[in-house]
Visitor: 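The structure under discussion is supplied below as structure tokens; questions concerning it will follow.
First listed ligand is number 1; within each ligand, the first listed atom is number 1.
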Amino acid sequence: MTDKAILRALRGEVLPTPPAWMMRQAGRYLPEYRATRAQAGDFLSLCYNPDLAAEVTLQPIRRYGFDAAIMFADILLVPQALGLDLSFVAGEGPRLSTVTDAAGVANLRPVSDIHETLSPIYETLRILTTELPSETTLIGFAGAPWTVASYMVAGRGTPDQGPAHKLKNTDRAAFQALMDRITEATIEYMSAQIVAGAEVVKLFDSWAGSLKGADFDDFALEPARVIIAELKRRHPDTPVIAFPREAGDRYIGFAEATGADCVAIDNSVSPEWAAEHVQKSGCVQGNLAPHHLVNPAELENETRRVVQAFSGGPHIFNLGHGITPDADPDNVHRMLAAIRG
Ligand code: CP3
């Protein structure tokens, strides 16, 4: 068996020092990322250029020695592979063509076609399997169906996912058909990532927090359960991390209900609460607030607090959400020094 620290934590081992990585660790806060993105031309060209995508994945590993590398890509490549137009407007975020009714769902490309668009991502993973240090775990990922659907329905990021809620509430059949299509595509995409070398996969449900009550069960929990069950059937040894961001109380029992090996926790709940209520089910990942890497007055104290709170069980140190472009790269060294003592 392997000795990689992340894989040990995911198997439930309690390690003296938690392994650590950061969401968006390859990103705009790093000057070398900005240089490589400029070389690629733009963000999407970078995602689809395997050599340069592998390069930006490796940059934070070289600089900081994180325990995991997350492949460089984006959750919105799946809608693009299903036939939507996608662009990133500098300073404004993503723009997509939309799916707003049953005809829009029927017009999507079949799931069997997604690999045509996504094959460069698998090549990025194959490159990384040969380039990464032997102790570094390679993580693949996809967006969870609700979060991906929220962008496909609205055509952009929305503060409250209003358009997706509206479709769900007014044309349930069309919305469910969209969710089913994304669920199926996500299974095929993540499965291909594992075949290409991903050792762990993570499902990002960034907007799970806007689903309440039965909607949370139907559109956050159930798709995650279906995706994880099929991945486990095909790849029983590959751990899955689920991130139902801002799920609050619904973090409790999420791992048992979905079959996830680890639940990632955002920073809207305290690490002490998550240790008591969520970590009893197994490994957890999280949850330092990203703003401490911008304004570091409490950086070391808060980092040690997270490590201490989760020290009684399996834990992977991470932020509660992605590192922001205005973070100071030196603060990441300070965070790691506080984790590693
Ligand atoms: O280092 C890593 O974490 C791996 C790469 C990664 C990116 N996006 C690169 C990226 C991952 C795992 C994602 C996931 C992602 N993408 C999510 C889920 C996680 C989360 O943040 O909630 C979501 C919702 C997206 C969609 C997305 N991509 C948005 C809304 C934006 C625009 C906002 C922004 O930060 O500019 C992106 C762009 C994006 N994805 C960037 C990066 C590095 C910045 C683009 C740039 O370089 O200009």
Visitor: With P239, which of T137, I139, V200 fulfils side chain to side chain contact (heavy atoms under 4.5 Å, CB included)?
Guide: V200
Visitor: So which protein heavy atom does atom 26 (C) of ligand 1 come closest to, and at what separation?
Guide: D74 OD2, 3.5 Å
Visitor: Distance to 0.1 Å, residue and atom name: give those for the protein heavy atom nearest to atom 9 (C) of ligand 1.
Guide: A73 O, 3.4 Å
Visitor: Side chains of T36 and Q59: is there a donor and an acceptor less than 3.5 Å apart?
Guide: yes
Visitor: Please report which non-hydrogen protein atom sits nearest to atom 36 (O) of ligand 1, along with the residue it belongs to and the distance in Å to one decimal place.
Guide: R28 NH2, 2.7 Å
Visitor: Got the closest protein heavy atom to atom 46 (C) of ligand 1, with its distance?
Guide: R37 NH1, 2.9 Å
Visitor: Have a look at ligand 1 and work out which part of P94, if any, has a heavy atom under 4.0 Å from it: side chain, backbone, both or neither.
Guide: side chain
Visitor: To the nearest 0.1 Å, how far is atom 13 (C) of ligand 1 from its closest protein heavy atom, and which atom is that?
Guide: R24 NE, 3.8 Å
Visitor: Using 30° and 60° as the class limits, which term best fits the ring planes of Y189 and Y122: parallel, tilted or perpendicular?
Guide: tilted
Visitor: At what distance is the nearest protein heavy atom to atom 45 (C) of ligand 1, and which residue and atom is it?
Guide: F43 CD1, 3.5 Å
Visitor: Give me each pair satisfying ring-ring contact (aromatic ring centres under 6.0 Å, His included) with a member in residues 298-326, each pair once, sequence neighbours excluded.
Guide: F310-H315
Visitor: How does H321 reach ligand 1, by side chain, by backbone, by both or by neither, if only non-hydrogen atoms under 4.0 Å count?
Guide: side chain
Visitor: Out of F88, F204, Y151, whose heavy atom sits nearest atom 24 (C) of ligand 1?
Guide: Y151
Visitor: Tell me the protein heavy atom at minimum distance from atom 25 (C) of ligand 1, and give that distance in Å.
Guide: I75 CG1, 3.5 Å
Visitor: Identify which of F141, F72, Y29 has a heavy atom lying nearest to atom 11 (C) of ligand 1.
Guide: F141
Visitor: Please, which pairs that meet ring-ring contact (aromatic ring centres under 6.0 Å, His included) have at least one residue in residues 68-87, sequence neighbours excluded?
Guide: Y33-F72, F43-F72
Visitor: In the protein, which heavy atom is nearest to atom 47 (O) of ligand 1, and how far is it?
Guide: Y33 OH, 2.5 Å
